[in-house]
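Each remark here refers to the structure printed beneath this line.
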Number of protein chains: 2
Amino acid sequence: MEKSKNKKNVRVNYGLAQKQVLANAGVKITFLRSKILAFAMDSKKPFSFEDVFLALRDTGIHRATIFRNLSLFKDAQILREVDMRQDAMFYEIATKGHHHHVVCKICGCVESFDMCGLDNLVEEFIKNSKEFDKISEHSFEMFGVCKKCYKKK
Amino acid sequence: MEKSKNKKNVRVNYGLAQKQVLANAGVKITFLRSKILAFAMDSKKPFSFEDVFLALRDTGIHRATIFRNLSLFKDAQILREVDMRQDAMFYEIATKGHHHHVVCKICGCVESFDMCGLDNLVEEFIKNSKEFDKISEHSFEMFGVCKKCYKKK
DNA sequence: TGCCCAATGCGACCGAGTCGCATTTGGGAT
DNA sequence: ATCCCAAATGCGACTCGGTCGCATTGGGCA
C-alpha cells in the first residue's frame, strides 16, 4: 500500500488534530486511523462504512480495517453510532454533545437538533416501570421529507 | 409443500380472525399468510423474520416468502416495523396504537409504554426547523438492563 | 370446473459485518 | 538511528439478513 512518496514524511502526514485525539483516547496512531478520523472530523453529517471506503479508496485500505477502526473508535468514545434506519450503521464524532436527527426519506439529508425535553421523559418512564430501573441509552430519530425534495414533486 | 392432510380442510384452516384482517386490507388470502398473521397476532412482543421462520418451519415455508409477506403486511399497514437495534428488523401488529419500547441489552426482553409528551416535542421541532416542515414518523427506543438480568450479575 | 394471475419455491445474488491467519508497521527500548 | 515485538493491516472466506428472477403452484372468479 502506498502511503507517501517520501518515507520521512509519513509521520507529519498524520495530521495534528487527529494525532491529538487518538493519543488522548489511548489509541495507537497509524496512518489509516488518522485518515479515517480526519474524514470523520470533516464530515458535516453522520457517515457510514461506505462513505469512509469511498473517501479513502486511493489508499487501498481494506474493508475489514475500516470496520475494525470504526468499532475501535466507538469503544474509545471518539465516535458514536447513529441509527439512520438504513441497512448500514452510521457514525459521528462523539464530542458533538447529545442530540438527535431528522432524516429526509428521499435524499437522506440530515438536520440535527437538541431535544431538551427527552431526559425528563426518560426519568418519568423509569418511575413507572416494573421491569427496568436504569436506562443507559436512548435513541430518538424523526423521518420526513425535506422542503427541497417536497418541492421537486 | 404439505399443507394439510385433507384438501377439503385447507380453507377452514385459514383462521377467521386472520381472514378478516387480510380481506379488510385488500390482501389475497393464502394458507401461509394466515399462518404468519396468526403468529403475529399471538406474539406478545415484537418479532423478527427468524421468529416466524422457526414457528412455521414445519410448513416448509421458504425464507423469501416470509420476507415478502412481512414487507407486504407492512405496506398494507397490518404490521409496523420496530427498530430493536438488533441486526434484523422486528415487527408488531399495527393496530396496537402508537407506543414505544425499552429493550434489555442482555436478554432482549421488551417493555412497551406510551410517551404522551413526544408529539409535543415533534411539534416544537417543526416550528424551529429550517429544512423540514412535516414529519411522517418518529422512533423513540430506550435501552438498558432489566431488573432480572441486573440481579444475575 | 377450468382458467389466469398472483403467490410460492428455489437458488443465486448482494451488502454489511466478522474472523483467523499471514504480513507489515508503529513506537518504545537499546 | 536501529531493533524488535505487539498491534495493525491485508486478505479472503464466511455468516447472516434481505432481494430478485424465473419456474411452478394454487386462489378465487367466470
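Atoms considered below: every heavy atom in the structure, side chains included; atoms not considered: hydrogens, waters and symmetry mates. Note on naming: letters A, B, ... go to the chains in the order of the sequence lines (proteins, then strands), and numbering restarts at 1 for each one.
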If I take atom [atom1] in residue [X] and atom [atom2] in nucleotide [N], what distance separates them, rounded to the nearest angstrom?
{"X": "B/R33", "N": "D/dG26", "atom1": "CZ", "atom2": "P", "result": "15 Å"}
{"X": "B/F90", "N": "D/dG18", "atom1": "CZ", "atom2": "P", "result": "9 Å"}
{"X": "B/F31", "N": "C/dG9", "atom1": "CZ", "atom2": "P", "result": "10 Å"}
{"X": "A/L56", "N": "D/dT9", "atom1": "CG", "atom2": "P", "result": "12 Å"}

Taking the side chain of [X] as heavy atoms from C-beta outward, which of [options] is closest to it?
{"X": "A/R63", "options": "C/dG26, C/dG9, C/dG17", "answer": "C/dG17"}
{"X": "A/I29", "options": "D/dT9, C/dC19, C/dG27", "answer": "C/dG27"}
{"X": "A/K28", "options": "D/dC20, C/dG9, C/dG27", "answer": "C/dG27"}
{"X": "A/N69", "options": "D/dT9, D/dG18, D/dG28", "answer": "D/dT9"}
{"X": "A/M89", "options": "C/dG17, D/dA8, D/dG10", "answer": "C/dG17"}
{"X": "A/H62", "options": "D/dA8, D/dC11, C/dT8", "answer": "D/dC11"}
{"X": "B/D87", "options": "D/dG17, D/dT9, C/dC10", "answer": "D/dG17"}

Problem set entry | Close residues, residues 47-55 of chain B, relative to DNA chain C [heavy-atom separation under 4.0 Å] |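 None - not one residue of the stretch has a heavy atom sitting under 4.0 Å from the strand.
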For this session: Kindly say whether the aromatic ring centers of A/F47 and A/F90 come within a distance under 6.0 Å.
Result: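 No, the ring of A/F47 stays outside the 6.0 Å limit from the ring of A/F90, centre to centre.
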Problem set entry | A/H138 and B/F143 aromatic centres sub-6.0 Å | no
For this session: Could you tell me which non-hydrogen atom of B/S129 sits nearest to which non-hydrogen atom of B/E131, and how far apart they are?
Result: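 B/S129 and B/E131 have their closest heavy atoms at OG-N, 3.3 Å.
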Exercise. For B/H101 and B/P46, which heavy atoms make the closest approach, and how far apart are they?
Worked result: NE2-CG, 3.8 Å
Problem set entry | Most 5' of B/A64 and A/F67 on DNA chain C, judged by nearest nucleotide | B/A64
Exercise. 5'-most contact on DNA chain C: B/L72 or A/V27, nearest heavy atom basis?
Worked result: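 The residue whose closest nucleotide sits nearer the 5' end is B/L72.
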Problem set entry | Side chains of B/S34 and B/K19, donor plus acceptor under 3.5 Å |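 No, no side-chain donor-acceptor pair sits under 3.5 Å.
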Please table the atom pairs, donor to acceptor, closer than 3.5 Å between any side-chain atom in residues 68-77 of chain A and protein atoms at least two apart or in another chain.
from	atom 1	to	atom 2	distance (Å)
A/N69	OD1	A/R33	NE	2.9
A/N69	ND2	A/T65	O	3.3
A/K74	NZ	A/E81	OE2	3.4

Problem set entry | Any N/O donor-acceptor pair, B/R68 side-chain to C/dG9 base, under 3.5 Å |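 Answer is yes: a donor-acceptor pair is held.
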Exercise. Should A/H99 and A/E92 be marked as a side-chain hydrogen bond (donor to acceptor under 3.5 Å, both in side chains) after you check the CA-CA gap, both sets of side-chain angles, and the distance that decides it?
Worked result: CA-CA 11 Å; A/H99 64 278; A/E92 67 180 1; 3.3 Å; yes
Exercise. If you pin B/A88 and A/I66 to their nearest nucleotides in DNA chain D, which one's is more 5'?
Worked result: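 Here A/I66 is the residue nearer the 5' end.
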